[in-house]
Amino acid sequence: MSKALQKILYVEDEPDIQRVVKLALEAMGGMSVVACSSGEEAIARAPSLAIDLILLDVMMPKMDGPTTLGHLRQCPNLESTPVVFMTAKAQSNEIAYFQALGALDVIAKPFDPLLLAKTLRAIWERAQTVSAQEIQSADDNNEPELTVEQRFAARMAALTQQFQQELPARLKTLRQQWRALRQQWNIETLHELHRSTHNLAGAGATFGYEEMTARARAVDRRLKALLQDQQQPDAALWVEISVAFAELESALQNIVAQLEN
């Protein structure tokens, strides 16, 4: 019998997705998740960790997933720990690249939270070269009358509500960051704005706001290009980004208005 998958190091910079994944794996899969918000945090905590598997986001600011994995492999306790990547990039050539880095598999975003634990467990058991088996979720003494699926649905609804309640403040922050960048070109402000749009893109996919996701990704792509170039955009590019940002802002305003009604 193969060893059950129990302890996971999860690295993800988007707080909404991090909360959903942690809930999905702990509530639906009975797993224990150590969540880190950046590669740097994971590396700092790595020496004290005893885990079965690393679940690693690919696209993160400053230090991406593959770079983070390279540093984690330098820790004696993690040098051979299995890793699974999570990413919106799931083309066959990209999957092959991640597997060449030693990944067991790649889980594409957006993912189904209800199936995430099962998917991850199947990857683990396949790598162990044994027949697939179900892992029983731990009993929840506080909610004995509910099934695992019902408890998960209730907690997922709570996370969705939390995201919805935070959305007006996120829209305000987004506007402030955009205004500050337009008034004075600054790489740090650009990083902050990129992080905000990147988080919204991931959250939209997780909570079912497809238009918000599409608009946020459109802005995110342009901001990422600016970060790579490190140069202030010309007038034409400013206009292009401004149009994309206005479309994102409109999508967010529509969501906020619907929630208020």
Side-chain angles (χ1 to χ4, degrees), residues 2-39 42 51-61 63-70 72-73 78 80-130 132-135 137 148-149 152 155-156 159 198-210 213 216-217 220:
S2 64
K3 181 182 184 297
L5 177 59
Q6 295 178 326
K7 298 181 180 179
I8 296 172
L9 169 62
Y10 175 46
V11 189
E12 167 63 65
D13 66 295
E14 298 181 26
D16 298 298
I17 296 181
Q18 185 185 111
R19 285 192 288 263
V20 169
V21 168
K22 185 174 174 64
L23 170 62
L25 296 182
E26 292 184 340
M28 296 297 291
M31 303 171 192
S32 175
V33 179
V34 177
C36 296
S37 299
S38 66
I51 59 171
D52 299 323
L53 182 139
I54 303 168
L55 184 59
L56 190 54
D57 183 36
V58 171
M59 297 181 63
M60 296 185 291
M63 184 181 295
D64 64 11
T67 303
T68 299
L69 178 60
L72 291 176
R73 288 298 190 222
L78 297 178
S80 60
T81 302
V83 61
V84 173
F85 281 109
M86 294 186 74
T87 179
K89 291 186 174 183
Q91 301 300 317
S92 58
N93 62 322
E94 293 161 332
I95 292 175
Y97 166 69
F98 298 136
Q99 290 175 333
L101 295 177
L104 297 181
D105 210 333
V106 177
I107 296 176
K109 294 180 180 179
F111 55 88
D112 185 341
L114 283 170
L115 298 178
L116 182 61
K118 184 177 179 179
T119 299
L120 196 60
R121 187 181 298 122
I123 293 172
W124 167 263
E125 292 179 350
R126 186 172 67 243
Q128 300 274 309
T129 65
V130 297
Q133 59 182 344
E134 294 294 330
I135 298 178
S137 297
V148 172
E149 289 78 10
F152 174 81
R155 294 173 186 175
M156 186 67 187
L159 287 181
H198 186 70
N199 288 350
L200 284 172
T206 300
F207 295 115
Y209 292 105
E210 296 180 0
T213 296
R217 284 177 177 168
D220 183 62

Trainee: Are the side chains of P113 and L23 in touch, meaning some heavy atoms are under 4.5 Å apart?
Mentor: no
Trainee: With L56, which of V11, L9, V84, L101 fulfils side-chain contact (heavy atoms from CB on, under 4.5 Å)?
Mentor: V11
Trainee: Compare all side-chain heavy atoms of F98 with those of V83 and state whether any distance is below 4.5 angstrom.
Mentor: no
Trainee: Is any side-chain heavy atom of E12 closer than 4.5 Å to one of M86?
Mentor: no
Trainee: Do I123 and I107 have side chains that approach each other closer than 4.5 Å (heavy atoms only, starting at C-beta)?
Mentor: yes
Trainee: Look up atom CD1 in I8 and atom CD in E26, then write down how far apart they are to the nearest 0.5 Å.
Mentor: 9.0 Å
Trainee: Do K118 and D112 come close enough that some side-chain heavy atom pair is under 4.5 Å?
Mentor: no
Trainee: State which residues pass salt bridge (charged side-chain N to carboxylate O under 4.0 Å, His left out) with D52; sequence neighbours excluded, sorted by chain then number.
Mentor: K3
Trainee: Might you work through the side-chain contact (heavy atoms from CB on, under 4.5 Å) test for L120 and D105, ending with a clear yes or no?
Mentor: CA-CA 9 Å; L120 196 60; D105 210 333; over 6 Å; no
Trainee: How about E210: does its CD atom have over 12 heavy atoms from other parts shown lying under 6.0 Å from it?
Mentor: no
Trainee: Going through the checks in order, is the side-chain contact (heavy atoms from CB on, under 4.5 Å) test met by M31 and L5?
Mentor: CA-CA 7 Å; M31 303 171 192; L5 177 59; 4.1 Å; yes
Trainee: Please lay out, stage by stage, how Q99 and F85 fare under the test side-chain contact (heavy atoms from CB on, under 4.5 Å).
Mentor: CA-CA 9 Å; Q99 290 175 333; F85 281 109; over 6 Å; no
Trainee: At what distance, to the nearest 0.5 angstrom, does CE of M156 lie from OG1 of T206?
Mentor: 6.5 Å
Trainee: Would you say the side chain of T81 lies within less than 4.5 Å of the side chain of R73, judging by non-hydrogen atoms?
Mentor: yes
Trainee: As an exercise, state the distance from CZ of R126 to CG of L104, rounded to the nearest 0.5 Å.
Mentor: 8.0 Å
